[in-house]
Amino acid sequence: MATTAVTDATFDAEVRQSDIPVVVDFWAEWCGPCRQIGPALEELSAEYAGKVKIVKVNVDENPDSPATLGVRGIPALFLFKDGQVVSNKTGAAPKAALASWIQSAI
């Protein structure tokens, strides 16, 4: 399962109302570290299919969701469980570190 693009309009339905934990990647096209972790998030999305949903929010096109969560730098990753933020991290990380972070939070 590939990552899903989420907008400000679909954020609540896709993230806060999800039956499974959701990792939200706040990113932008011009952000080098964002592009660096993109492939790892795609792979993790497939590996965690059915257990964790990984979604991407383009901060340039959707400024409301990141503003609500106080995102100051990207990439910013937030893990939601039962509609609430349970963990977050900023900056690029290797796939193994991302997997470990997701695993520890779910």
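Keep in mind the model is a prediction, meaning the values are calculated, not measured.
Sequence neighbours left out, not one pair with a member in residues 69-106 passes disulfide (SG to SG under 2.5 Å). Applying the ring-ring contact (aromatic ring centres under 6.0 Å, His included) rule to pairs touching residues 79-106 yields F11-F80, sequence neighbours excluded. Contacts classified as disulfide (SG to SG under 2.5 Å) and involving residues 43-106 (residues at least two apart or in different chains) are not found. Sorted by first and then second residue, the side chain to side chain donor-acceptor pair (under 3.5 Å) pairs involving residues 90-99 (not counting sequence neighbours) are E43-K95, E47-K95. Residue pairs meeting the disulfide (SG to SG under 2.5 Å) criterion with at least one member in residues 70-106, sequence neighbours excluded, do not occur. Sequence neighbours left out, not one pair with a member in residues 74-106 passes disulfide (SG to SG under 2.5 Å).
For A5, there are no side chain to side chain contact (heavy atoms under 4.5 Å, CB included) partners, not counting sequence neighbours. In terms of the side-chain hydrogen bond (donor to acceptor under 3.5 Å, both in side chains) criterion, residue partners of D8 (sequence neighbours excluded) are, by chain and number, S65. With sequence neighbours excluded, the residues satisfying side chain to side chain contact (heavy atoms under 4.5 Å, CB included) with T10 are V6, T7, E14. In this structure Y48 satisfies the ring-ring contact (aromatic ring centres under 6.0 Å, His included) test with no other residue, sequence neighbours excluded.
The cluster map of Ile, Leu, Val, Met, Phe, Trp and Tyr, joined by side-chain heavy atoms under 4.5 Å apart, puts I106 and V86 in the same cluster. The hydrophobic cluster containing I37 does not contain V55, counting ILVMFWY residues as joined when their side-chain heavy atoms lie under 4.5 angstrom apart, directly or transitively.
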Quick one: side chains of residues 17-31, donor-acceptor pairs under 3.5 Å with protein atoms, not counting sequence neighbours, listed by atom name and distance.
residue	atom	partner	partner atom	Å
S18	OG	I20	N	3.2
S18	OG	I20	O	2.8
D25	OD2	K56	NZ	2.9
W30	NE1	D60	OD2	2.6

Using residues 67-77 as the side-chain source, report each donor-acceptor pair under 3.5 Å to any protein atom, sequence neighbours left out, with the distance given to one decimal.
residue	atom	partner	partner atom	Å
T68	OG1	D64	O	2.9

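In this structure, Q103 CD and L98 CG are separated by 13.0 Å, a value rounded to the nearest 0.5 Å.
Residues L44 and V52 form no side-chain contact, since every pair of their non-hydrogen atoms from C-beta on lies 4.5 Å or further apart.
Taking every heavy atom of both residues into account, L41 and I54 meet most closely at O-CD1, 3.7 Å.
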